[in-house]
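Report on the following structure.
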Amino acid sequence: MRPVTKLLITVISGFYLACLLMPGLEEHLYLNRYLVFNSGEYWRLLTVALTHGGLAHLFFNMYALMVLGNSLESAIGQKKFLSIFLISQIGASLASIYFGAINVVSVGASGAIFGLFGAMIVLSKKYGIETKSTYAIIGINFAIGFIFPGIDWHAHLGGLISGFIAASVLLAPARS
């Protein structure tokens, strides 16, 4: 497993375990519009990725992170990969709190993971790799977000767009 991907999975999974062992910890990490804007708790734009709504939620996100992360990190390097992940998480969080319901609490790293899908599209187009399967996976995951209640599709879309833009900038050829 690639080092940054492994680190992200370890940290996110570790915080999930810490939240189980220390009740109340998660309350300082999840995303909520009121707490970000009215209380100035801007760290929540990133720490929401450390929280999850159950073991299945954590497992699916970490599996997706492992698959996408290993491929992307190998292709673009550690710094660019981590930058895209973090930018995608911030973009996902901002989309969630700007466009979601005011009383909603969001959890999970799926916004950042959707950002990695956005980066995969950029990378695929850059190298002429077929992207139909990537679009299919994105479409299925968006559909799941509309079928099952409680999934923050705003964060998914914000992450996807942020990851696409971040990758477009970071992977653009250097100007001479």
Side-chain angles (χ1 to χ4, degrees), residues 1-2 4-9 11-13 16 30-31 45-101 104-172:
M1 191 176 313
R2 303 297 299 173
V4 174
T5 300
K6 186 176 184 177
L7 177 67
L8 287 171
I9 290 170
V11 169
I12 293 168
S13 299
Y16 180 79
Y30 63 70
L31 186 65
L45 298 173
L46 287 172
T47 60
V48 63
L50 303 173
T51 63
H52 283 81
L55 197 54
H57 186 211
L58 175 71
F59 173 78
F60 285 115
N61 276 347
M62 294 307 95
Y63 178 73
L65 178 55
M66 181 184 70
V67 171
L68 289 166
N70 281 324
S71 298
L72 274 172
E73 186 177 345
S74 179
I76 64 176
Q78 296 174 359
K79 290 179 184 176
K80 289 179 182 177
F81 169 70
L82 182 59
S83 296
I84 291 168
F85 184 88
L86 295 174
I87 290 166
S88 298
Q89 183 57 55
I90 292 169
S93 294
L94 290 173
S96 176
I97 59 178
Y98 276 114
F99 301 113
V104 170
V105 170
S106 294
V107 296
S110 55
I113 292 165
F114 267 86
L116 299 181
F117 279 122
M120 286 295 278
I121 292 169
V122 171
L123 197 62
S124 296
K125 289 186 178 289
K126 181 176 181 174
Y127 294 109
I129 301 168
E130 182 274 318
T131 57
K132 289 179 186 173
S133 60
T134 304
Y135 289 127
I137 292 169
I138 292 169
I140 290 167
N141 280 284
F142 266 116
I144 289 169
F146 289 107
I147 294 169
F148 296 102
I151 296 177
D152 189 352
W153 68 268
H154 299 99
H156 293 175
L157 184 58
L160 180 68
I161 293 168
S162 298
F164 183 89
I165 292 169
S168 295
V169 170
L170 290 171
L171 303 176

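For Lys126, the NZ atom sits in a packed shell: over 12 heavy atoms of surrounding residues, nucleotides or ligands are nearer than 6.0 Å.
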- Item | Ser93 vs Leu46, side-chain contact (heavy atoms from CB on, under 4.5 Å): CA-CA, chis, key distance, verdict | CA-CA 8 Å; Ser93 294; Leu46 287 172; over 6 Å; no
- Task: Applying side-chain contact (heavy atoms from CB on, under 4.5 Å), run through Leu170 and Val122 and close with a yes or a no.
- Result: CA-CA 10 Å; Leu170 290 171; Val122 171; over 6 Å; no
- Decide side-chain contact (heavy atoms from CB on, under 4.5 Å) for His52 and Val107; before the verdict, give the C-alpha distance in whole Å, the side-chain angles of both, and the deciding distance to 0.1 Å. CA-CA 5 Å; His52 283 81; Val107 296; 5.6 Å; no
- Message: Could you go through Ile151 and Ile144, starting from their C-alpha distance and side-chain angles, then the distance that decides it, and tell me whether this counts as side-chain contact (heavy atoms from CB on, under 4.5 Å)?
- Response: CA-CA 8 Å; Ile151 296 177; Ile144 289 169; 3.8 Å; yes
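The side chain to side chain contact (heavy atoms under 4.5 Å, CB included) test with Phe85 singles out one residue from Leu72, Thr5, Leu8, and that residue is Leu8.
What you find for Ala95 and Gly158 is that their closest heavy atoms are CB-CA, 3.6 Å. Heavy-atom minimum distance, Ala49 versus Gln89: CB-OE1, 3.5 Å. Between Tyr30 and Thr51, the shortest heavy-atom contact is N-CG2, 4.0 Å. Nearest heavy-atom pair, Gly111 versus Ala92, reported as atom, atom and distance to 0.1 Å: CA-CB, 3.5 Å. Ala166 approaches Ile84 most closely through the heavy-atom pair CB-CG1, 4.2 Å. For the pair Asp152 and Ser106, the tightest heavy-atom approach, listed with the atom from each and the gap, is OD2-OG, 2.8 Å.
Centroid-to-centroid, the aromatic rings of Phe114 and Phe117 come within less than 6.0 Å.
Under 3.5 Å, the side chains of His156 and Asn141 contain no donor-acceptor pair of N or O atoms.
Aromatic ring orientation, Phe99 versus His154: parallel (interplanar angle below 30°, classes split at 30° and 60°).
With sequence neighbours left out, the ring-ring contact (aromatic ring centres under 6.0 Å, His included) criterion links Phe148 to no other residue.
Remark: Tyr16 OH to Leu50 CG distance equals 13.5 Å, nearest 0.5 Å.
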